[in-house]
Structures are given as structure tokens and as C-alpha cells.
Visitor: 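Handing you this structure, nothing more for now.
Whatever order the structure lists them in is the order used to number ligands and atoms, beginning at 1.
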Amino acid sequence: MKLRILSTGVAVPENTVTNDRLSEMIDTSDEWIATRTGIRSRHVATGENLTELGERASNIALERAGMTPSDIDLVICSTARGDFVFPSFACCISEKLGLTCPAFDVNAACSGFIYALDVADGYISTGKAKNILLVCGEMMSRMVDWTDRSTCVLFGDGAAACVITSGSALKYLRVTADGNTRLLNMPAGSGNSPFAPRVEPGFMHMLGQEVFKFAVSSIVRETEEAFSALSITAEDIDLFLLHQANKRIIDMARSRLSQPEEKFPLNIGSYGNISSVSIPILLDELLTAGKIKKGSRLLLSAFGAGMTTGTCVIVWE
Ligand code: ACO
């Protein structure tokens, strides 16, 4: 493994939607949402599109890396749904930044950031790329049914970018997919072919309690797998950056790992679940606040539709 994250950048829509605002639209309450999930508000796009958010996040990350777009030789994006079915979100970012290097998307739902890191590491390790722009972007507000209180209260929109280059920060990375599409999915729809039965494009469908159980058990299993591969224990990790889907999932995983609360930073309260964006936003916040320094030992772990998981250990350089 030959990768290090040089810089990060974040862009979220200006508009925020509080739990109280949602309770004016659907039968819910701030008390229910906050107690069951830890979420208080989320950013929901009104005018912005995903490409604009991704471009803003990329420019911040490039500036912090002391680079210009011409230094980048590969663009990898993670999204479940870009502004277009094609071209890819990555090609839309390239167009905005004036890039002509290879560009493509990865879709592993909420585990997308770790999957994209894995792909990036492959390119860097084989010498096929030197400086990679990795952009995660999700418009969850386009995917939820805004009349379904069991899903629409959970998600938010945003983008986060990283500049990745060669280094030795990445110590371990493992991704999995168990071929179970039943717990969490969204039908794409069939278009209007006169030769095939019509399938309407749907909204997100989620079996919440089953996802909850999968989340807790996969985070604990994959974390212990990482510890065993590296011959370390939970005490050797300074910060656990877990996918921000539900505070109760994080609390339960933390208590199974017998670790203190301060090692599990949270930002779900003000963003909700932004799928593959949630971990890189958290990373950006911790870096900006000076809570991650050279030598900080981080464990990142995500789960998502598929059902996918991604877990990695980074010693910050
Ligand atoms: N407001 C008020 N009541 C609600 C709401 C709401 N927003 N949503 C559901 N309820 C009600 C239900 O109708 C139910 O009522 P009933 O008892 O009268 O039938 C009651 O609350 C309890 O519902 P549950 O579904 O049992 O609630 P639970 O405690 O399981 O919490 C939740 C639901 C928050 C969705 C939880 O199951 C969860 O977080 N699951 C994991 C979700 C997740 O991690 N998703 C990640 C997606 S990752 C990706 O790839 C996109």
C-alpha cells in the first residue's frame, strides 16, 4: 500500500432543514429523530447541483495541497447518483476543472469512500497515477421519498474531496460485499422502451432494523479483522471515523469495542447521513480543528447498500 491523503475539502448546500421544519411537512418530531438517530438538521440542496458542490470541494482540496488541476492525473468519484446517468460524475468534475486525465465513478453506496481509496491505492502502487483527485458527492434528497418519514429524515446532501498522492499512511484496507440487495435499494426504472414492461423509477427502500443490525455487527467484525491483521488492539487507535448513519449504531459499536466516547467523533447531528461523503467530511472537520496530526492513528469503517463494507487504518502523514 502506497497512499497518503494530502488534503481535503468540503462543500455542502447552503440550505439547512431542521427536524422542526420536517415536522411541519410529515408526522415526525425533533424528539423522535434526535433520540433515535442523533440528527438535528441536514443540508438539502435547493439550487446547487452535485457537480457544483464537487467542484467547490475539489478547489479547496487542491488549494490546500498547493496544487493546480494540471497536477492531477486521475479523477475518481464516489456517488450513487450523479447529475447525469452518463457522463460520470468524475467526467463532470473534469470538465469544470479543465482536466483531460482519466476519470470514472465508483458506486459502493455508503462504503464508496473506502472503495475509492482502495482503487486509488491500486493506481498509485502500480505507478499508473501520481496525484489523484478523489471526490465523494451525494444528493440523498433526490433519492428519498419525502412522504416516507422512516427514511427522509435520515439523509442529507454534500460533497467532499481529497488529493491523494504516494506515501505510506495507509496500513490496511479491506472491502467486502455480501450480495444482499434486499435491505437497502432504489430501483433505477426502465425508461420507456415499447418492447419491455415499464418499471417506474422508485425511491429509496430500506429495512431499517435489519440495516441497523448489519451495521453494528459489520463494523465490529471488520474492525477486529483489521486489529488481527495488524496485530494491534483498539487501544492503538486514536480516532474511529465511522460512517455517520445513526448515532445509536456508533454508540453500540463503540461499547462492543469497549472504547471511550471521545475516540468516536460525530457530525451526524448537523449533516444527517450523506452516504459516501460522511467519512471524508468528518476527516476534513477533524483536520481543520487540528484533532488529526502527523502520527495520528485512524480507523475508518463504513457500511452501505449491497451490502458493502469498507474498513481501513491510516497513520496520518
Ligand atoms: N418520526 C416519528 N416516528 C417514526 C419515524 C419518524 N421519522 N420513522 C418511523 N417512525 C415510527 C414507526 O412508524 C414506528 O411506529 P409504530 O411503532 O407505530 O409502528 C416506530 O417509529 C418505530 O419504528 P422503527 O422502524 O422500529 O424505529 P427504529 O428504532 O428501528 O429506528 C431507524 C428507525 C432510525 C431507521 C433505524 O432502524 C436505523 O437507523 N436503521 C439503520 C439505518 C441506516 O443505517 N441506514 C444507512 C443507509 S446506508 C446507505 O447505503 C444509504
Visitor: Which bit of Thr37 is near ligand 1, meaning a heavy atom under 4.0 Å away: side chain, backbone, both or neither?
Guide: side chain
Visitor: Indicate, as side chain, backbone, both or neither, the part of Asn246 found under 4.0 angstrom from ligand 1 when only non-hydrogen atoms are considered.
Guide: side chain
Visitor: Does either side chain, that of Thr46 or that of Asn15, offer a donor lying less than 3.5 Å from an acceptor on the other one?
Guide: no
Visitor: Has ligand 1 got any nitrogen or oxygen that is less than 3.5 angstrom from a nitrogen or oxygen of Gly208?
Guide: yes
Visitor: Any nitrogen or oxygen of Ser275, main chain or side chain, under 3.5 Å from a nitrogen or oxygen of ligand 1?
Guide: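 Not met; the criterion fails.
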Visitor: State, without any angle test, whether Asn246 and Thr37 hold a side-chain donor-acceptor pair at a distance under 3.5 Å.
Guide: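 No, no side-chain donor-acceptor pair sits under 3.5 Å.
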Visitor: Indicate, as side chain, backbone, both or neither, the part of Met206 found under 4.0 angstrom from ligand 1 when only non-hydrogen atoms are considered.
Guide: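 For Met206, the contact with ligand 1 is made by the side chain alone.
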Visitor: Polar-atom distance check: Arg248 versus ligand 1, any N or O pair below 3.5 Å?
Guide: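 N/O-N/O distance below 3.5 Å exists for this pair.
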Visitor: Just which atoms of ligand 1 are under 4.0 Å from any heavy atom in Arg36?
Guide: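 Counting atoms of ligand 1 from 1, those under 4.0 Å from Arg36 are 22 (C), 27 (O), 28 (P), 29 (O).
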Visitor: With respect to Gln209, determine whether any N or O atom, backbone or side chain, lies less than 3.5 Å from an N or O atom of ligand 1.
Guide: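 Yes; the residue has a nitrogen or oxygen that sits under 3.5 Å from a nitrogen or oxygen of the ligand.
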Visitor: Side chain or backbone, does Asn273 bring an N or O within less than 3.5 Å of an N or O on ligand 1?
Guide: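 There is no such contact.
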Visitor: Over 60° means perpendicular and under 30° means parallel, so tell me whether Phe104 and Tyr123 are parallel, tilted or perpendicular.
Guide: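 Ring orientation, 0 to 90° scale: tilted.
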Visitor: Taking the non-hydrogen atoms of Ser150, is any one of them nearer than 4.0 angstrom to ligand 1?
Guide: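 Checking ligand 1 against Ser150, which is what was asked, there is a heavy-atom contact under 4.0 Å.
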Visitor: Ala305 versus ligand 1: do any nitrogen or oxygen atoms come within less than 3.5 Å of each other?
Guide: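 Yes.
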Visitor: Which is it for Phe212 and ligand 1 at heavy atoms under 4.0 Å: side chain, backbone, both or neither?
Guide: both
Visitor: One residue to check: Thr151. Relative to ligand 1, which of side chain, backbone, both or neither has a non-hydrogen atom less than 4.0 Å away?
Guide: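 Neither part.
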Visitor: Quick one: does ligand 1 sit under 4.0 Å from the side chain of Cys110, the backbone, both or neither, non-hydrogen atoms only?
Guide: both
